[in-house]
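Structure first, commentary second.
Nothing fancy with the numbering, it's 1 onward along the sequence. Each ligand, and each atom within it, is numbered from 1 in the order the structure gives.
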Amino acid sequence: MKVIKKVSELRKIAFKHLINKDEIGLVPTMGALHEGHVSLISKSVKNDDVTIVSIFVNPAQFAPGEDYLKYPRPLEKDLSICRKNHVDYVFVPSAAEMFPDGHKTFVEVKSLQDILCGAFRKNHFRGVATVVAKLFNISFACRAYLGMKDFQQLRIIEKMSKELNFRTKITPCPIVREKNGLALSSRNSYLTAEEKKSAAQIYQALKKAKEEFKTKSASAVLKNVRDKIASIAASKIDYAEILDYSSLLPVSENAKKAAIVVAVWIGNTRLIDNAVLSK
Ligand code: AMP
């Protein structure tokens with residue numbers, strides 16, 4: 001496994017693989033790797049000739065006052081997880097390497113970037129789309145593996161990749177959860193033991209919604225979810241919505257398939273989760 005810090009070096013190596021007709025898989029991450037990330041890595045290792053994992057806490061997707069500085073960065077542990085899981089290249093650029101002084105080019109996915117998380121985190125998805133576009137260009141990946149955990153991000157990157165004609169096709173990967181249902185997240189390390197118990201109840205609400213959606217209207221299901229999450233200790237809802245699975249537009253009352261997406265604060269930690277609903 002090779003650790004690469006420079007854009008020019010990764011580009012050179014990836015280009016050689018491209019010429020060699022190797023299929024290149026990319027797993028973009030912010031590090032603090034857990035089993036959710038490992039599930040993406042394993043898919044790439046299985047499907048592709050070459051697997052590149054990027055570890056980059058992207059300053060462009062954090063607003064002032066968010067957790068950019070305190071975001072966990074256990075690099076040695078991450079590298080050993082990558083090594084154990086047969087990754088070929090780990091790309092760990094500095095912020096200055098990805099965004100040198102004077103960087104002024106940004107990618108925006110207008111219809112999707114300002115709703116849900118985008119309404120609460122200004123410029124977040126502009127930062128995400130820009131860095132992922134750069135990673136697609138640098139890595140020549142034919143496939144990128146993205147978790148359904150970040151459902152809005154997944155839809156934004158799919159749209160960006162299609163509309164900007166990237167060669168990179170997106171492979172969505174299911175959410176990996178703890179036994180109690182809590183979706184694995186690098187931010188779970190901020191939670192106290194008590195808060196973790198509260199956080200696990202978010203998924204219980206989503207699970208109930210999955211059942212109820214089979215027989216109830218979308219608005220009735222949503223009301224119950226909001227009530228249930230509001231009753232969780234130390235919780236504050238940023239949003240809870242039932243939306244079209246592909247477009248993230250509002251759904252009709254009797255839609256056959258939808259996604260329920262939530263962002264909830266537990267204490268000082270903001271968690272997102274979602275579930276697919278079907279009749
Ligand atoms: P992050 O490091 O949080 O930016 O996540 C990097 C990638 O891993 C994204 O595509 C996430 O959606 C995905 N991911 C994070 N947590 C999970 C999880 N619990 N299950 C599946 N994928 C995940």
Side-chain angles (χ1 to χ4, degrees), residues 25-47 51-62 66-68 70-75 77-79 81-82 85 87 90-93 95 98 112 116-117 121 124-136 139 141 143-161 168-191 196 199-200 202-203 206-207 248 259 261-264 269-276:
L26 172 71
V27 182
T29 82
M30 297 207 300
L33 302 181
H34 50 64
E35 284 304 313
H37 298 112
V38 170
S39 73
L40 276 50
I41 292 171
S42 303
K43 273 219 170 93
S44 173
V45 168
K46 190 162 162 242
N47 291 342
T51 295
I52 302 171
V53 173
S54 62
I55 298 179
F56 180 58
V57 185
N58 172 23
Q61 69 187 65
F62 288 80
E66 290 188 345
D67 57 342
Y68 176 66
K70 81 163 183 180
Y71 199 86
R73 291 164 170 86
L75 184 60
K77 186 170 167 226
D78 286 350
L79 293 179
I81 290 174
C82 288
N85 286 282
V87 171
V90 185
F91 182 48
V92 279
M98 288 302 272
L112 292 176
L116 305 174
C117 283
R121 305 186 66 191
H124 172 67
F125 288 115
R126 185 179 92 139
V128 171
T130 302
V131 88
V132 173
K134 287 167 74 77
L135 291 168
F136 285 4
S139 68
R143 273 181 287 275
Y145 298 81
L146 299 187
M148 291 178 69
K149 155 91 177 5
D150 299 83
F151 198 73
Q152 184 178 10
Q153 170 175 288
L154 168 67
R155 292 293 178 245
I156 286 175
I157 300 302
E158 282 173 338
K159 193 166 167 65
M160 175 196 81
S161 195
T168 316
K169 300 280 174 284
I170 310 304
T171 304
C173 303
I175 302 175
V176 178
R177 299 179 179 280
E178 289 189 9
K179 269 208 187 81
N180 64 11
L182 175 62
L184 296 187
S185 163
S186 308
R187 289 192 169 95
N188 291 354
S189 63
Y190 302 156
L191 298 167
K196 269 199 171 163
I202 298 170
Y203 182 60
L206 299 185
K207 239 169 74 176
L248 301 185
V261 288
V262 301
V264 181
T269 306
R270 187 175 185 275
L271 301 172
I272 55 171
D273 204 346
N274 66 81
V276 179

task: Pick one of side chain, backbone, both or neither for how Leu40 approaches ligand 1, counting any non-hydrogen atom pair under 4.0 Å.
output: side chain
Distance-only polar pair, side chains of Asn47 and Tyr145, donor-acceptor under 3.5 Å: yes
Sub-3.5 Å N/O-N/O distance, Gly147 and ligand 1: yes
statement: For atom 23 (C) of ligand 1, the closest protein heavy atom turns out to be Lys149 CB, 4.0 Å
task: Tell me, yes or no, whether the heavy-atom count around Lys134 atom NZ, taken from other residues, nucleotides or ligands under 6.0 Å, exceeds 12.
output: yes
Protein heavy-atom partner closest to atom 1 (P) of ligand 1 - residue, atom, separation in Å: His37 NE2, 3.6 Å
field: Numbering as shown, the atoms of ligand 1 that approach Leu146 to under 4.0 Å (heavy-atom distance)
entry: 10 (O)
Shortest non-hydrogen contact from His34 toward Ser185: NE2-CA, 3.6 Å
- prompt: Between Met30, His34, Arg177, Met148, which one has a non-hydrogen atom sitting closest to atom 4 (O) of ligand 1?
  reply: Met30
- request: Measure Pro174 to ligand 1 on non-hydrogen atoms and call it side chain, backbone, both or neither using the 4.0 Å cut-off.
  value: backbone
- request: Spell out, as yes or no, whether a donor-acceptor pair under 3.5 Å connects the side chain of Asn188 to the backbone of Ala183.
  value: yes
Nitrogen or oxygen of Leu184 less than 3.5 angstrom from that of ligand 1: yes
query: Starting from atom 6 (C) of ligand 1, which protein heavy atom do you reach first, and at what distance in Å?
result: Pro28 O, 3.3 Å
query: If you measure from the Lys or Arg side-chain nitrogens to the Asp or Glu carboxylate oxygens, is any gap between Arg177 and Asp273 under 4.0 Å?
result: yes
message: Heavy atoms only, cut-off 4.0 Å: how does Cys173 contact ligand 1, side chain, backbone, both, or neither?
response: neither
statement: Rounding to 0.5 Å, atoms OH (Tyr203) and CD1 (Ile175) come to a distance of 8.0 Å
query: Checking side-chain contact (heavy atoms from CB on, under 4.5 Å) against Arg155, which of Leu248, Leu146, Ile170 comes through?
result: Leu248
- prompt: So which heavy atom in the protein is nearest atom 11 (C) of ligand 1, and how far is it from that ligand atom?
  reply: Asp150 OD1, 3.1 Å
query: Which atoms of ligand 1 are found less than 4.0 Å from any heavy atom of Ile175?
result: 20 (N), 21 (C)
Protein contact to atom 20 (N) of ligand 1 [nearest heavy atom, distance to 0.1 Å]: Val176 N, 2.8 Å
message: To the nearest 0.5 Å, what is the distance between CG on Leu191 and CG on Leu271?
response: 5.5 Å
- prompt: Does Arg270 pair with Asp67 as a salt bridge, N-O distance under 4.0 Å?
  reply: no
